[in-house]
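First comes the structure, then the notes that go with it.
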Amino acid sequence: MKPIKSNRHITIGMRVVVVIFLLLTAGESFAQKVDVDFDKDVDFSKYKTYAFTEGTPTPVTLTNQRIEKAIDAQLAAKGLTRVESNADLTVVFHCSITERTQFSTRSLDGWGWGPGWGWGRGWRRWGGGGTEITEVEQIPVGTLIVDIGDSSTKRYIWRGTATKTISSKPDKNAKVIDDVMKKMFEKFPPQRKR
């Protein structure tokens, strides 16, 4: 006669896997996202200079200065020169802030999942029942778009878009701006496919 296997360990294991999956995907939903698109018919090697034009800045002046400085650093590293007039390229950036809703549920009286007492290893339920509360938090998310256009044809030829949660700490946001720009301009200028 075969022994009967307990489904209890499978059920607990599945719950742990589901909780871990939810935690990982919740973190991903607010992670930094950077996308780049460009006109594949344009020969970017012909451009040598660029100038900024007015876009949609943030209400925070220092943030706008940090964004412009970060773009300057990336374009200069690619061999382009900033000029005040008659530029080959026109650079403009747009910023917006939206809010995403984040739910977090926690136990009020210590009941819930965690390392418990018992036989074997793993996570166990400390007890049954308990009161839980779900908090709703609005997380500010910033979107930054950098458009680059050909000044002579008046056509956009490149766009970088970045989305990231905004911190309440200016130093952290300044670092995020630099990191986003490095990632955005990593493959700039794009190579033309032959």
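When a residue number appears, it is its place in the shown sequence, counting from 1. From a predicted model like this one, the values you see are computed outputs, not experimental measurements.
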Requested in this report: Please assess I71 against F93 for the test side-chain contact (heavy atoms from CB on, under 4.5 Å), listing each intermediate value before the final yes or no.
Outcome: CA-CA 9 Å; I71 295 170; F93 66 88; 4.1 Å; yes
[X] bridged to [Y] by N-O distance under 4.0 Å:
X    : Y    : result
K46  : D88  : no
K175 : D179 : yes
R66  : D178 : no

Report task. Mind checking the CG-CD1 spacing from D39 to I157? Nearest 0.5 Å is all I need. Result ->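 The CD1 atom of I157 is 7.5 Å from CG of D39, to the nearest 0.5 Å.
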**Report entry** Reported CG-to-OG distance for the pair N173 and S168, which is rounded to 0.5 angstrom
**Finding:**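 One gets 8.0 Å once the value is rounded to the nearest 0.5 Å.
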**Report entry** Same cluster (ILVMFWY, side-chain, under 4.5 Å), L75 and I145
**Finding:**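 Shared cluster, no.
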Requested in this report: Tell me, please, which residues at least two apart from S151 pass side chain to side chain donor-acceptor pair (under 3.5 Å).
Outcome: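 Side chain to side chain donor-acceptor pair (under 3.5 Å) check on S151 returns T90.
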Query raised in the report: Can you name the residues that form a side chain to side chain donor-acceptor pair (under 3.5 Å) with S152, not counting sequence neighbours?
Result: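 S152: side chain to side chain donor-acceptor pair (under 3.5 Å) contacts with D150.
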Query raised in the report: For K78, which residues count as a side chain to side chain contact (heavy atoms under 4.5 Å, CB included) partner, sequence neighbours excluded?
Result: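 Here the qualifying residues are F188, P189.
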**Report entry** Stacked cation flag K40 on F38, 6.0 angstrom / 45 deg
**Finding:**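 That pair qualifies as a cation-pi contact.
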Query raised in the report: Step by step, would you call F185 with W158 a ring pair (Phe, Tyr, Trp, His ring centres under 6.0 Å)?
Result: CA-CA 11 Å; F185 285 92; W158 187 90; 4.8 Å; yes
